[in-house]
Amino acid sequence: MQELAKTYNPKDFEQRIYQSWEQDGDFHQEAATDKPPFTIVMPPPNITGQLHMGHALDQTLQDVLTRWRRMQGYAALWVPGTDHASIATEVRVADELFEKEGKTKEDVGREAFLDRVWLWREIYGGRITEQQRRLGDSCDWERERFTMDEGCNKAVVEFFVRLYRKGLIYRGYRMINWCPQCGTSLSDAEVEHEDVQGQYWYIRYPGADGGEGVVVATSRPETMFGDTAVAVHPDDARYKDLIGKTVVLPLVGREIPVVADPYPDPEKGTGAVKITPAHDPNDFEVGQRHSLPQVVCIDFEAKMTAEAGQYEGMDRYECRKAWVAALADAGFVVKTEDVVIPTGMCYRCATAVEPMLSNQWFVKMKPLAEPAIAALKSGELKFVPERFGKTYLRWMEEIRDWCISRQLWWGHRIPAWYCDSCGKVIVAQKRPLACSTCGATGDALRQDEDVLDTWFSSALWPFSTLGWPEDTEDLRKFYPTSVLVTGYDIIFFWVARMVFSGIFCMGKSPFSHVFIHGLVRGADGQKMSKSLGNGVDPLEIIGKYGADALRFMLLHGSAAGNDMRWSEESVISARNFANKLWNAARFVIMNLDGRTQFAPTDGGQAQFAPTDGGQAQFAPTDEDRWILATTARVAGEVTEALEKFELSVAIEKVYDLIRDEYCDWYIELVKSRLYGGDETSKRTAQAVLVSVLSDLLRLLHPFMPFITEEIWGYLGKDGKLIRDRWPAGRPDAPWGPLSDAAADADDAGAVARIEALKDVVRAVRNIRAEAGTEQGKKVPVVLMADAPPALAEHHIKALAGVSEVTVIADEKDVPKDAASAILKGMVVYVPLAELVDNEAEREKLLKERERLEKYAGQLEAKLANEGFTSKAPAQVVEAERAKLNSAREALEKTIERLEVLMA
RNA sequence: GCGGGCAUAGCUCAGCUGGUUAGAGCGCAUGGGUCACAACCAUGAGGUCCCGGGUUCGAAUCCCUGUGCCCGCACCA
């Protein structure tokens with residue numbers, strides 16, 4: 001058996017182990033299997049992206065669930081892939097083109113530009129998947145997909161056509177969000193609102209009849225060139241007489257009507273609103289109701305049109321300044337007011353979005369949203385934590401039609417053709433040979449220039465990756481998927497859209513659970529970002545501390561759905577824990593005397609028979625049974641936590657088991673047997689050490705896959721075995737299965753005895769520490785017990801630095817000068833006169849008495865309360881009674897002890 | 001305006017469907033180069049669970065009000 005290096009050094013093995021996983025195809029999952037399916041589709045990162053902490057968290061959660069289910073015997077499939085990220089990628093490649101060659105994308109043309117993007121993706125698009133490997137992602141790389149690959153494209157086109165044929169996709173001249181920087185329309189979800197410091201200008205529109213006219217307030221005076229009316233509320237007494245009259249647009253000179261409409265709120269501004277149907281969604285509506293002309297005064301580059309007269313060609317904000325100055329000079333500005341204006345910004349480039357009229361494609365959302373709402377209400381779809389279901393519902397219920405066309409080149413081109421001869425629009429999977437109306441062919445049929453919103457293709461991800469629209473074996477086996485893991489920030493963009501698309505195409509919600517996590521914030525609590533300089537690169541952290549340590553930190557960090565704060569100290573703690581485990585394993589291996597046969601040699605059955613010729617004799621002691629039973633208990637708790645998606649609880653339990661129980665107690669308890677025990681006792685200890693370690697490694701494996709598998713390898717075993725079985729019940733014990741009732745009772749006794757032993761050891765250590773006993777000095781201990789405690793004296797001696805243990809039963813035998821500790825069922829005395837400060841001892845006891853009196857008093861009151869005894873469950877009452885009894889007992893002993901001291 | 005979250009030890013946070021003498025990590029204090037581990041070990045100090053009401057036999061936990069932070073949606077008169 002090889003020896004482990006003295007210090008845990010993840011660099012030595014993480015990459016090697018990942019390569020072996022991948023080479024062996026360990027994460028590949030075929031549909032043809034009897035195992036029950038467990039499926040996760042990975043939220044596809046953008047090809048322009050680099051792995052950041054948010055990904056690291058997201059991926060780690062998915063990996064834990066996948067690995068755990070795989071160990072449990074599921075056909076666990078985790079489908080990876082990347083997203084083409086229409087806008088982000090196009091802008092990126094266009095920028096590079098301009099930087100390197102000084103050309104715009106229009107200069108090179110559509111085809112050539114797209115060739116460049118594909119080339120770019122070829123070279124850089126896979127970077128992130130390499131980074132995912134560093135994290136340890138156990139996804140099925142053989143199934144890696146791309147939202148623009150052939151299959152996905154086919155799915156997108158099919159989806160579009162089906163929606164169109166059902167009347168759920170339409171083309172229309174509507175008000176949309178336009179990003180002048182990216183040069184494309186955006187959906188409502190892609191617009192972020194930000195508060196911007198701005199102003200209201202109160203501007204007088206004089207009456208056409210020479211009257212006073214009306215004063216309107218606006219934050220966007222430059223849109224005045226597009227004004228085609230002023231609206232007032234029909235019940236607003238102030239403006240009653242104006243309705244039906246006309247006012248004059250100052251300086252422009254155009255006469256516009258004053259219309260009565262319910263839209264203006266008499267409480268706001270002056271109660272009169274300028275109406276610009278071409279540049280404001282609300283005004284657009286008003287314009288429709290009153291058949292107002294739509295005057296476009298701002299173009300797609302956010303520059304003023306000819307409607308703005310002398311300002312034509314000027315940027316919208318430049319124009320605002322100049323125009324307001326001109327109005328003020330002419331005396332039309334009544335007053336100005338500083339105000340915060342919530343402004344729509346492009347989520348990609350943060351440019352102020354311009355509401356514009358244009359021809360776009362839309363998805364009619366109401367009919368699609370209804371079943372998606374029903375899926376949540378019926379429980380077919382569940383959010384973890386539940387509150388995010390509310391967020392989802394709210395959005396679905398207030399949903400508006402989805403603008404899906406984008407004025408870009410990189411993306412799925414809209415499968416619609418226009419016939420130049422007759423004007424017909426043909427929507428089809430493939431380019432039609434001829435116009436179905438007029439028979440025109442060839443160049444007369446022009447395909448729509450636009451591409452689809454990136455999220456239109458992401459919406460199909462849970463089934464397009466499994467082969468839809470074909471009826472594949474994969475789809476039948478793995479759809480609907482089990483759980484979708486993602487951040488709350490893309491519930492609208494992605495989760496909601498997958499749900500209605502999945503229901504529309506497949507008839508079922510694409511997943512039964514949505515497991516939502518929060519953001520990883522910077523150490524300062526701010527969102528991690530380049531501009532703030534608080535970002536942390538996961539790869540750098542992996543390089544410094546290992547992927548396992550990073551994973552541990554991310555998993556342990558916080559509760560589901562809550563944001564977590566980055567802390568490098570926590571990663572260091574996690575690395576230290578890994579080192580602890582590493583050394584525990586090193587200890588075990590060093591003490592096996594080369595008996596590698598103590599490790600399990602196949603998936604389920606342990607093979608503990610020694611291969612060195614001897615016949616194994618095993619004689620389990622209390623500590624053996626205790627650690628086996630404890631491990632079994634914790635394994636159950638870990639499983640339970642995982643089932644509830646409480647990953648941080650799960651990993652903490654494994655951590656405590658390894659660190660507190662196995663390392664701090666079991667290994668210490670067993671040392672004497674390893675160093676000086678007889679053969680049987682030694683062999684038993686070795687066997688238990690190994691079999692428990694095996695299960696510990698398994699329990700930790702989904703969370704920290706690298707170190708666990710590396711250690712497993714040092715045990716001389718095939719790495720696959722660790723992934724074969726999830727611990728349920730007790731670890732294999734060499735003396736047989738011990739699962740009958742008698743054995744359980746035996747275990748229970750052993751557990752109680754070891755727990756009592758731990759109390760005694762801790763008590764003695766405490767006394768020693770408080771008294772400042774020298775480290776090496778042995779002290780005698782006297783135990784007074786009601787019943788003989790059956791505690792292994794040699795353990796007390798070894799673990800607490802004790803020379804002699806005397807058990808007494810009679811009050812008279814209590815040593816005179818001694819430090820003491822009162823435990824359950826016994827009192828521990830350390831009779832070392834020179835160490836005892838009777839004054840301090842007395843004070844300690846007085847405090848203790850006070851505390852116990854108070855505590856017992858509370859319990860008594862509780863138990864005297866008839867409401868409690870009659871209404872609380874019997875076992876709760878029983879538990880309280882037991883607490884009271886032990887409190888009383890401790891109190892009694894404390895008082896006795898005080899009396900002795902006072903005497 | 002509508003909706004949601006958070007407030008627990010010096011710091012960062014757990015604490016699920018009410019019953020714990022309220023926990024962890026880090027930090028702090030004391031002692032220790034012990035032969036798995038100083039990336040360690042042992043021991044300890046430290047908390048009116050934001051304020052105020054309510055429900056209940058019982059509230060950190062459920063409900064309401066308030067205060068303070070944070071987020072999402074809507075709103076560019």
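Each chain gets a letter, A, B and so on, in the order its sequence line appears, and its residues count up from 1.
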Please measure how far the [atom1] atom in [N] lies from the corresponding atom in [M], and state the result in whole Å.
N     : M     : atom1 : value
B:U48 : B:A9  : P     : 9 Å
B:G5  : B:A14 : P     : 14 Å
B:G15 : B:U43 : C1'   : 26 Å
B:C2  : B:C16 : C1'   : 29 Å
B:A77 : B:C71 : C1'   : 27 Å
B:C51 : B:C69 : C1'   : 16 Å
B:C76 : B:U61 : P     : 41 Å
B:C41 : B:U55 : C1'   : 49 Å

Which of the following nucleotides, [options], is nearest to the side chain of [X]?
X        : options             : value
A:Lys390 : B:G4, B:C73, B:C76  : B:G4
A:Arg394 : B:G72, B:A36, B:C13 : B:G72
A:Lys6   : B:G72, B:C37, B:A77 : B:C37
A:Glu646 : B:C16, B:C41, B:A77 : B:C16

Rounding to a whole Å, what distance do you find between [X]:[atom1] and [N]:[atom2]?
X        : N     : atom1 : atom2 : result
A:Trp178 : B:C76 : CH2   : P     : 21 Å
A:Phe577 : B:C26 : CZ    : P     : 12 Å
A:Asp660 : B:C40 : CG    : P     : 14 Å
A:Glu398 : B:C2  : CD    : P     : 13 Å
A:Tyr263 : B:C76 : OH    : C1'   : 9 Å
A:Lys797 : B:U34 : NZ    : P     : 24 Å
A:Glu569 : B:A24 : CD    : C1'   : 16 Å
A:Asn885 : B:U21 : CG    : P     : 14 Å

Given that both distances must come in under 3.5 Å, which nucleotide forms a Watson-Crick or G-U wobble pair with [N]?
N     : answer
B:G23 : B:C13
B:C69 : B:G5
B:A36 : none
B:U43 : B:A29
B:C62 : B:G54

Please determine if a side-chain N or O atom of [X] lies less than 4.0 Å away from the OP1 or OP2 oxygen of [N].
X        : N     : result
A:Lys671 : B:A36 : yes
A:Tyr855 : B:U21 : yes
A:Arg768 : B:G31 : no
A:Tyr392 : B:C73 : no
A:Asn576 : B:A38 : no
A:Lys862 : B:G58 : no
A:Lys883 : B:U21 : yes
A:Lys580 : B:C41 : yes
A:Arg586 : B:C37 : yes
A:His193 : B:A74 : yes
A:Asn766 : B:G44 : yes
A:Arg659 : B:C41 : yes

Next item on the list: Using only heavy-atom distances, decide whether a donor-acceptor pair under 3.5 angstrom links the side-chain of A:Arg575 to the base of B:A39.
Entry: yes
Notebook entry, point to check: Between the side-chain atoms of A:Glu668 and the base atoms of B:A36, is any donor-acceptor pair under 3.5 Å?
Noted result: yes
Note to self: Testing the 3.5 Å rule here: is there a donor-acceptor pair between the side chains of A:Glu190 and A:Ser187?
What the structure shows: yes
Check: Given side chains that start at C-beta, do those of A:Leu657 and A:Tyr662 come closer than 4.5 Å, heavy atoms only?
Finding: no
Checklist line | Spacing of A:Ile298 atom CD1 and A:Trp178 atom CH2 [to the nearest 0.5 Å] | finding: 13.5 Å
Item checked: Straight-line distance of A:Ile275 CD1 to A:Asp227 CG, nearest 0.5 Å -> 8.0 Å
How would you label the contact of [X] with the nucleic acid (heavy atoms, under 4.0 Å): base, sugar-phosphate, or nothing?
X        : result
A:Val273 : base
A:Arg220 : base
A:Lys268 : base
A:Asp664 : sugar-phosphate
A:Val230 : nothing
A:Thr218 : sugar-phosphate

Check: On RNA chain B, nearest-nucleotide positions of A:Tyr8 versus A:Lys527: which is more 5'?
Finding: A:Tyr8
Note to self: Here's a test of your reading of the structure: between A:Ala189 and A:Tyr202, which maps to the more 5' nucleotide of RNA chain B?
What the structure shows: A:Ala189
Next item on the list: For side-chain contact (heavy atoms from CB on, under 4.5 Å), just list the numbers for A:Ile541 and A:Met53, CA-CA rounded to whole Å, side-chain angles, deciding distance to a tenth of an Å, and then say yes or no.
Entry: CA-CA 10 Å; A:Ile541 297 298; A:Met53 271 313 159; 4.0 Å; yes
Check: Do A:Lys580 and A:Tyr655 meet the cation-pi criteria used here (NZ or CZ under 6.0 Å from the six-membered ring centre, within 45° of the axis)?
Finding: no
Item checked: More than 12 heavy atoms of other groups within 6.0 Å of A:Lys382 NZ -> no
Next item on the list: Determine, using ring centers only, whether A:Tyr347 and A:Phe493 are less than 6.0 Å apart.
Entry: yes
Check: Would a distance-only check, ignoring hydrogens and angles, find a side-chain to backbone donor-acceptor pair under 3.5 Å from A:Lys11 to A:Gly543?
Finding: yes
